[in-house]
Amino acid sequence: MKSNSRLMRRVIAAVGGLGLAVSVSACGSSGTTAAAGGDGEGGGKLNYWTQQDPTDPVLQAAVDSFNAADDADVELQAFASNGYKDKVRAAMGSSEMPGMFFNWGGGSLDDYTSAGLLVDLGEAVQANPELESSFLPSVLEIGKVDGTLVGVPMRGTQPVFIFYNKQVLADAGIEPPATYADLEAAVATLSDQGVTPFAVAGNADSGWTELMWVSYLVDRIGGPEVFERIRSGDASGWQDPAVLQAAEEIRSLVDSGAFGTNFQSVSYGSGGTSTLLSSGKAAMQLMGSWEYATQVADSPEFAAEGLGWVPFPAYEGGKGDPANVVGNPSNYISVTTSADRATAFDFLETTYSEEYVQGLVDAGEVPVTTNAEELLASAPNPDYAQFQYDLVADAPAFTQSWDQALGLDIGTPLITEIQKLFNGQSTPEQFVSAASALQ
Amino acid sequence: MRTRPNYAAGALTALWLLVISVPLSAVVVTAFKPQAGYIEDGPLSLPSALTLDNVVTVLSGDFPRYVANTLLVTLMTVAVVVALAVPVGYAVVRGQTWLTSGVFRLFLLGLAIPSQAVVIPLFLLINRLGLYDSLWAVALPTAAFALPVSVLVLSGAMRDISNELYEAMALDGAGPSRVLMTLVVPLSKSGIATIGVFAALQAWNGFLFPLIFTQSTSSKLVTTGLYDYVAQYGANVPALMAAVMLSAVPILLVYLFARRALVAGLMGVGGK
Amino acid sequence: MVSQLTAPAKSDVTPQQPPRTRRRVAPSVGRPGVVWAVPGLVFFALFAIVPMLGVAYLSLTDWNGLGSPQFIGLDNWRRFADDPQIVQAVVLTLVLLAGNVAVQLPVSVLLGVWAAGHQRNRAVLSAIFFLPLLLSTAATAIMWRQLLDPNFGVPAQLAGVFGGDGNFVGTSRGAMIALVVVTSWQFVPFHSLLFQGAARAIPHTLYQAAMIDGAGRVRSFFSITLPQLKNTLVTSGTLMVVGGLTAFDVVLVLTNGGPGTDTTILPFRMYREAFQTYDYGYGSAIALLLLVVATVVSLLLTRLSGYDKMQSTQEGV
């Protein structure tokens, strides 16, 4: 037994040592492992991650022609949208970090920038000034974090506005609302008809749809400065009376049946709010411009004939300009430190190339490049494209959707608080204090 | 023995039969409905037409790969669990030192560790070992967390082997390895089958580990694949239901061909 | 003696201490040393115990996954005091657990005992009752998610008949009920199998003796069947508790913690903090809390049921 116990002692020491070593090293260095991955050496494959989306074929075409022309090996990988952000996040801490990836700019890139994982695209601009001059300045701004350019727009702009079912409104004998008073009247009329006035996705996955209502109301009532304060870290921005008033308006909308009674179980999109709209069970939906593509994929006849759109109404007595817009200025492509910088910078040029922009236009997007306006006439729905372009070009202020602007650590709990407001689990006052406690 | 018909039992089992069969038949029926009809009619209505389109849609996508991956992970998990738990069970039952009973108590305590609680450091460990996004990233932790129950079950099974047999082998001068291979393993076959089934079910059902430790399509499993389909198929509920139905097919095959073993294995979990 | 060797484990036997009689052979010959347990032990330590220590360490840090963790002492733990949702999460976890056990245990016992009988139709029905086990938790949750859809699922269809608006999973109570229903639907077949196996092993002599004494069906169920099933009840209950404390998949797929935070149980809250908000430090503190709750519940369970004493149910037969 003596040899056994000596062996035992050695084994225990080995296990203990191994365990300790592994746990300590596991915690600290995953970030640096990734950074050391590749810094221009040995090009190899350049991974380009994006979210699954009807515009993926346009990206794929750009990748294919780039690979052919430059003899490169860029690979596009599209991931299901629920969990795309998580996947990117998880990979950013590991050796699986993609070379380029699709993101929402603004606050969503804060963490990555402070961890030093993103390449400063200012260098790319210096080498190629067209990279900067080809985009609408206000949109390019959102690709910057603390003044450093880390993302280049690669999609159309996505303002949020009201979509409506022409037939349902015609049957109810009302026009799409131009003022908030019109909106409240429409709610009353439509509820009487047994139609849900506004489809909203209230289930726990889709709280961002409710966020849009809050964003617009705060903007209309108090102007874009209110959110600007919040975004720059001033938590007292939440105490602005506009926020409380917006929350109270939400309360009365819910109570008056504007969203129907079962919205807490409804999800966004195909099989949820979009189908409610196209099937006539709901009259209107406040949604981003990608809703059109969803409708085209889901119910093409409805998208072609029966779908209408109108900007968010003006709020009587509000400080915000009724022409202000909320939404996603664009989506951006960023380059990480694991990419072969030369190839990546070359690839960025595709984002404003005529073929790419044309491809986006054909897919129903409204690109934010300076050459976009001429191409809009060839869009599948030129009226729709022109509507969006004018909306964005004429907007004095374009506020980025709050969860993207604030970053995940505030954005995610904020959406939960908004959901509680909609569900009646919090009063407007409770919502305001909960929201300010988040920062 | 005179037996009055048990009306209460009859009524309850009829009720349970409804509870089980209605959702399952809704799934199967919906899987064969064309997409257009579903939105209008809802899940409980009879189909106006039947189509194989949904099954084709699912099978022509990445679904077969998900099934293959899951089968692989299941095999890997079972192999690791059996290879590790059998010697531990043996040591715990036949060993006489304070160390071996300490090991037993450690595994008993390990029963209480919820796998979610340690997922964060596990994630780091998997990264560090370079296993992120591989099938081993799922199999190894799943096997580890199946060990406590396996040790428990195996120790129960091995305890049943009578002392006289051990002593007879000892008289023969057999060392522990020979005793293990020629006596213990054959006689605890049912216990080994039980832990095999248990480990296989853990691997087949696993969701959190694949969700966190893998992300590309080439290493996706059926469970996480189904979750993706929810977003991907949207209103195409019949296709989603077809995927759900097809995900049950592998176990259904096992059930049909190895029913006794499967059921006996499951029953054995509670036996000790 | 042959039958004793080969019969599958069917009754609970006291773990035997080696008899303290004189042995003819040196006691350690042929016995495995602890070395045999080392591979399994190392593996388990690496994947379960070391991560637990890691969780304890991380709970004292602030870390978002990029860069290195910053040590902040007990700040994460102090945050619990300011976070009312944590208390809600613990309560919800226990409520869900209680609901699951309260539904699954009686139903499984009844079904298992019934299925242990020998009537012919029972075999066919048992096969049907087994079917939910073929679906993974994710598949089951997805199936129910569609079935409970407020506009296109069963509540909507029923709403046409019974009135109401089809909102079920979106209500606080409905969401909890849905979680219990889905989990029970999936696991009752498993637990009833356990009871079926155990019930088959109950010696008929006991029932015959009871009949002679004039005991009816109900009486013999409570006086004979249940006590004989005691060890299985404990095993099943333990598995239900462990499963209930870690029920995460169902919550993610079915309710995503909603409405609001009304089904945000502790494991889900941890997932949200760590993997959706990327606050690994706070998420680890929550994970440790979960561990504490799980350990307390398990200890209570084993103490209350005397599991660790592992008595035989065959005594006196």
Side-chain angles (χ1 to χ4, degrees), chain B residues 9 13 20 23-24 26-27 39 42-44 84-85 87-88 90-91 94-97 99-100 103 110 112-114 116-118 120-122 140-141 144 147 156-157 159-160 169-171 174-176 179 187 190 204-205 207-208 223 226-227 230 237 244 247-248 251-252 266-267 270-272, chain C residues 5 8-10 12 15 25 29-32 34 36-37 39-41 43-44 47-48 51-52 54-55 58 110 114 128-129 131-132 134-139 142-143 146-147 152-154 156-157 193-194 197-198 232 235-236 245-246 248-249 267 270 274 280 283-284 287 290-291 294-295 298:
Chain B
T13 42
I20 296 285
L24 286 176
V27 170
I39 299 292
L44 290 181
L84 290 178
V88 174
Y90 179 46
R94 294 302 298 174
Q96 275 187 301
T97 64
L99 280 171
T100 49
V103 166
I113 303 181
Q116 286 111 11
V118 297
I120 302 167
L122 261 184
L140 292 180
L147 276 182
R159 244 176 219 129
D160 267 353
M169 295 223 61
L171 271 178
V179 175
L187 287 184
S190 69
W204 184 261
N205 251 339
F207 185 69
L208 182 66
T223 43
L226 278 177
Y227 186 52
V230 172
V237 176
V244 168
S247 74
I251 301 225
L252 181 65
L266 284 171
M267 282 196 205
K272 283 290 181 209
Chain C
L5 290 176
K10 60 178 169 63
D12 302 79
V25 181
V29 169
R31 285 193 179 266
V34 75
W36 285 88
L41 194 57
F43 187 73
F44 185 64
F47 284 100
M52 247 178 63
V55 169
L58 275 180
L110 289 173
W114 171 87
I128 299 183
F129 291 165
L131 288 175
L134 300 176
L135 291 175
S136 59
T137 317
I142 288 173
M143 172 184 86
Q146 285 310 129
L147 287 175
F152 306 112
V154 172
Q157 265 191 305
L193 266 183
L194 301 188
T232 317
T235 309
S236 185
L245 287 170
T246 55
F248 161 82
D249 329 8
M270 184 219 66
Y280 288 121
S284 297
L290 177 64
L291 196 59
T295 314
S298 308

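In what follows, chains carry the letters A, B, and so on, assigned in the order in which the sequence lines appear, proteins first and then strands, with residues in each chain numbered from 1.
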Report task. Begin with the C-alpha distance, continue with both residues' side-chain angles, and end with the deciding distance and a verdict on side chain to side chain contact (heavy atoms under 4.5 Å, CB included) for B:L140 and C:F43. Result -> CA-CA 9 Å; B:L140 292 180; C:F43 187 73; 3.8 Å; yes
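Taking B:V27, B:V103, B:I120, B:V88 one by one and counting their heavy-atom pairs under 4.5 Å with chain C, the maximum is reached by B:I120. Of all the listed residues (B:L24, B:T100, B:N205), the one sharing the greatest number of non-hydrogen pairs under 4.5 Å with chain C is B:N205. When the candidates C:P51, C:A138, C:A139 are compared by the number of heavy-atom contacts under 4.5 Å with chain B, C:P51 comes out ahead.
With a threshold of 4.5 angstrom between heavy atoms, C:M270 approaches chain B through side-chain atoms but not through N, CA, C or O. Both the backbone and the side chain of B:V244 come within less than 4.5 Å of a heavy atom in chain C. Heavy-atom distances place both the backbone and the side chain of C:S284 under 4.5 Å from chain B. For B:L147, the part lying near chain C is the side chain, with the backbone staying farther off; criterion is any non-hydrogen pair under 4.5 Å.
For the atom pair CD1 (C:I142) and CG (C:L135), the distance works out to 10.5 Å, reported to the nearest 0.5 Å. The CG atom of B:L122 sits 9.5 Å away from the CG atom of B:L208 when rounded to the nearest 0.5 Å. For the atom pair C:L131 CG and B:L252 CG, the distance stands at 7.5 Å (nearest 0.5 Å). From B:L226, atom CG reaches atom CZ of B:F207 across 9.0 Å, with rounding to the nearest 0.5 Å.
C:L147 approaches B:A26 most closely through the heavy-atom pair CD2-CB, 4.0 Å.
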